[in-house]
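To start, the structure itself, in structure tokens.
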Amino acid sequence: MEVIRSQKRTVSNDVVSNPTIPLYLTAPFMEVRLEEFELFAIDRLRVLKGVSDGLARGKNPKEMDDLVDSLWKEHMRHSDVSEMLNKDIISHFVLRLVYCRSDELKKWFLSMETALFRHRFRIKSFQVQRATVGDFGLSYKPVTGAQVESLKEKLGQVIRSTGEKSPNVETVYYKVPFEEVPDLVAGRRVFIQKGYAFVAGSQLVSMVITQFRSHLSKALILTNRKWMTTIREREKDRLTPIVEALSTSYLGPDYSQSNEYADISLKDIDQVSKSSFPLCMRHLFEKLREDHHLKHGGRMQLGLFLKGVGLKLDDALAFWRAEFTKKVGAEKFDKEYAYSIRHNYGKEGKRTDYTPYACQKIISSAPGVGDHHGCPYRHFSEDNLRAALGRMGLSSRGMEDVMDKVRNKHYQLACTLTFEAVYGTSCDAGINHPNQYFEESQKILKSKTPSAPV
Amino acid sequence: MTKEEIGNRGDDMMIETTNPKPKIENPDEFNVHYLQLYYGKLFPYIEFHKWLSYGHDGKHPGCDESYFNRREFSFTLQNDVYTRYRSFKNASAMENDIKEKCPYKIDIGAVYSVDPSKRKAYSESGSNVFVPVERELVFDIDITDYDDVRYCCSGADVCSNCWPLMTVAIKVIDTSLREDFGFKHILWVFSGRRGVHCWVCDAKARRLTNEQRSAVAEYFRVYKGNENNARKVALMGFSLHPFLARSYVDYLKDFFEGELQATQSIFSSKEKYEKILDMISDEGIQSELREKWENSARSSLSEEAISRTRWEQLKNTLQSKKQKAPALRMCVEEIVFTFTYPRIDLEVSKQMNHLLKAPFCVHPKTGRVCVPIDPNNCDEFDPLAVPTLSQLIEEINSGGDRMEEDDDDLDRTLLGKSIKFFRSSFLEPLLKSCKEEIESSYKAKIEKSKDSLSW
């Protein structure tokens, strides 16, 4: 096979020192050695995993920029610019194959690649950014001069509302349909008038991200189709094993199936909830016992967690029924709630076996009135959190350490510190899943009290 | 589901009736025979069908005649049987089915890529062709979500003292949908008991992706509090976003200081003002105000006057301390937003395939019809004056049901005004712009095919 490069570039000095970021619009025709296929993919996975950890730690955009910059330099750098570009493109397309194979994998890959692209884009110069926008074929006419002037007050208001004290209204704005910058609209970070958002030059990244994300999302569906229909079978002795092994190595354990430490029964549940549940689940559990009711978000978060710790469907039904019937009566429970519990166990509807929520999902949820789900470290007021930690037996010293992490928005680190304070051992891996918290705690408790000799 | 839960929580609480006031709940108003008559004689099938066809009525060569047929309807039947994915070929098929099944509730879902009632056949073909393609952008606001800031009612109860919270919500959201997002075809509907629904029907709104719907919903989200945090609204930054600033200046502030103080007297008792003091993140100011108010407890003033005085005191105190404590910068606004800003059930808005109760249904608990609300005159809307099923039946029995005749006749019947409003203020302008859009996209298609021929 011949080496054909589709993205042939004239390597001018400018490009060498400051290349645009590839958009991965079409798969390149080029020859790839089998070991590169795997090694490049693993290096990129290291970057994506680093991005995922950074996001889970609640790093702010600026910190993420720095993180992505250093991750990229560490794993993807090559002395030859065109080699580096090759590695970038090859590794991306290999991972598409790896992560196209299920919805869960697709979702993870899509959000990590999008985050990676976002931060790589943000650290480029404005010229490079504009060039990248051009590569996408986005042709927005900038709004300048008099029109910016006439909206100056509103534009300034938007900037002040995002926390800048003295607004510097930028010189270039782009007027785009609001649908094209959903993240800016969602965060109220743009002025919107009659259906158009006024996007500042420094917010270009949002327009590009929307394009990048939707393009990649569609591409993954197509790749999946190709994988299912041809590639998997054709490559079953060569690429398929590599591809299948790659995805499992870095996603962390799957908590949808319970394992040896996770097998609780109904009679132990109260005791176990006190000894081994992370605060988010303890809180939901206690509220359920207290109010005999939880709203949807709480039922999902707690219900899937309980599934993950090994509560069987029949036990789960009995558990929820026992509480809910005190409030709504048995008939209403069977009619309205039992369905969704069976649904969680994959017995209704799409019959998907739903996986328990990871910390990242719980932290980013938005509990409203009457809700008790979410991450206590993020969603509780300081007073409530202190009281809850006190009930878990934290000393005032331990509590201050936890609160310190909370103030810096390191919610998972706060939870990790709580774990360490409660069990008196270190937890180097850090907590990133409630079910992981549970299992680690069970491991410790069971090693302390060996089962009585028969 | 969440809605039903809240409803139940409310039902449990209906215990004391010392001060009888008009109640929205009225079990005598609803039964299946009345409902049959209502569907037989009054339900506006023609308007309903016209609306959901969006101009695809077969009269124009550019029409998509399968459009209405691809819409999902769901019925909740008398015995609580819930049937999803119903669809109808045309207006008379819909009319016949509704008359025959006599549903307690009709929900409207999305327009799918294929006829939803045949989705099984398509799914057997393997590929994923059954997907939602269009759906009005909808909003659902429930008075139950205001229970922590209203003292007259709780749960599903509504009275003329707390309904104005809904009115303000309509004004804030309606203004933003028009001014900020540029939408024109917006239908507000009384949900029959304790809230309002909003249907944004512009073509652009119907084609928003889930992600874009979420973005609009999040744009409206201010209320981030939950049960474990006293400060329910956190306004960051150095000023309000233009949308929030307009809502505050045009609607919220006046409502808070006027009507809300008059009806809820939100500072009048210790229990009430403690909740507000909790929102001030400065213990010095909290105790200063608390001291002042505890001492002034025995006053001859009315509850409302006490409440107003305390609000002024709070504002002045915060004003004087503003320089020292930047965290208090937005405190006054935060309190006003907490009490008055719309609390939308955002999950309903975010997904294309979420179902929402159809206008002109009858609420089984209240017997009231889900009539449209005119956002320009929403102050005049009174949920307790909405016609009930039994009133409508009485009117039919006394011979007043000839409503299809002409508009003048319509005005004279109970439901007629609502149907007339639906027709003239919502449906006609909507259909006009739908026709224009069909026409222009048809022209573009013709042009395109001409171009390709000439090649």
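Note on naming: letters A, B, ... go to the chains in the order of the sequence lines (proteins, then strands), and numbering restarts at 1 for each one. Please read all numbers here as calculations on a predicted model, not as lab measurements. All heavy atoms count here, side chains included; hydrogens, waters and symmetry mates do not.
Within a 6.0 Å radius of NZ in B/K350, other residues, nucleotides and ligands contribute more than 12 heavy atoms. Counting non-hydrogen atoms of other residues, nucleotides and ligands closer than 6.0 Å to NZ of A/K107 gives a total of 12 or fewer. Within 6.0 Å of atom CZ in A/R289, more than 12 heavy atoms from other residues, nucleotides or ligands are found, so the atom counts as buried in its surroundings. More than 12 heavy-atom neighbours from other residues, nucleotides or ligands sit within 6.0 angstrom of OH on B/Y146. With a 6.0 Å radius and a threshold of 12 heavy atoms from other residues, nucleotides or ligands, A/E153 has its CD atom at or below the threshold. Within a 6.0 Å radius of CD in A/E290, more than 12 heavy atoms belonging to other residues, nucleotides or ligands are found.
No side-chain heavy atom of B/E218 sits less than 4.5 Å from a side-chain heavy atom of A/V185. Between B/L208 and A/F178, the closest side-chain pair of non-hydrogen atoms falls below 4.5 Å. Between A/I192 and B/F181, some side-chain heavy-atom pair lies under the 4.5 Å cut-off.
Among B/P242, B/S214, B/A217, B/S176, the residue with the largest count of heavy-atom pairs under 4.5 Å with chain A is B/P242.
Across B/A215 and A/P182, no two heavy atoms sit closer than the pair CB-O, 3.2 Å. The shortest heavy-atom contact between A/Q157 and B/S239 is O-OG, 3.2 Å.
Taking a cutoff of 4.0 Å between a charged side-chain nitrogen and a carboxylate oxygen, B/R207 and A/E179 do not qualify as a salt bridge.
From B/E179, atom CD reaches atom CD of A/Q193 across 8.0 Å, with rounding to the nearest 0.5 Å. Note that CG of B/D80 and NZ of A/K332 are 9.0 Å apart. Values are rounded to the nearest 0.5 Å. Between the CG atom of B/L244 and the OG atom of A/S161 there is a distance of 8.0 Å, given to the nearest 0.5 Å. With values rounded to the nearest 0.5 angstrom, A/R188 atom CZ is found 10.0 Å from B/F220 atom CZ. With values rounded to the nearest 0.5 angstrom, A/F191 atom CZ is found 7.0 Å from B/D180 atom CG.
No side-chain donor-acceptor contact under 3.5 Å links B/H241 to the backbone of A/G187.
Looking at B/R178, the atoms closer than 4.5 Å to chain A (heavy atoms on both sides) all sit in the backbone: N, CA, C or O.
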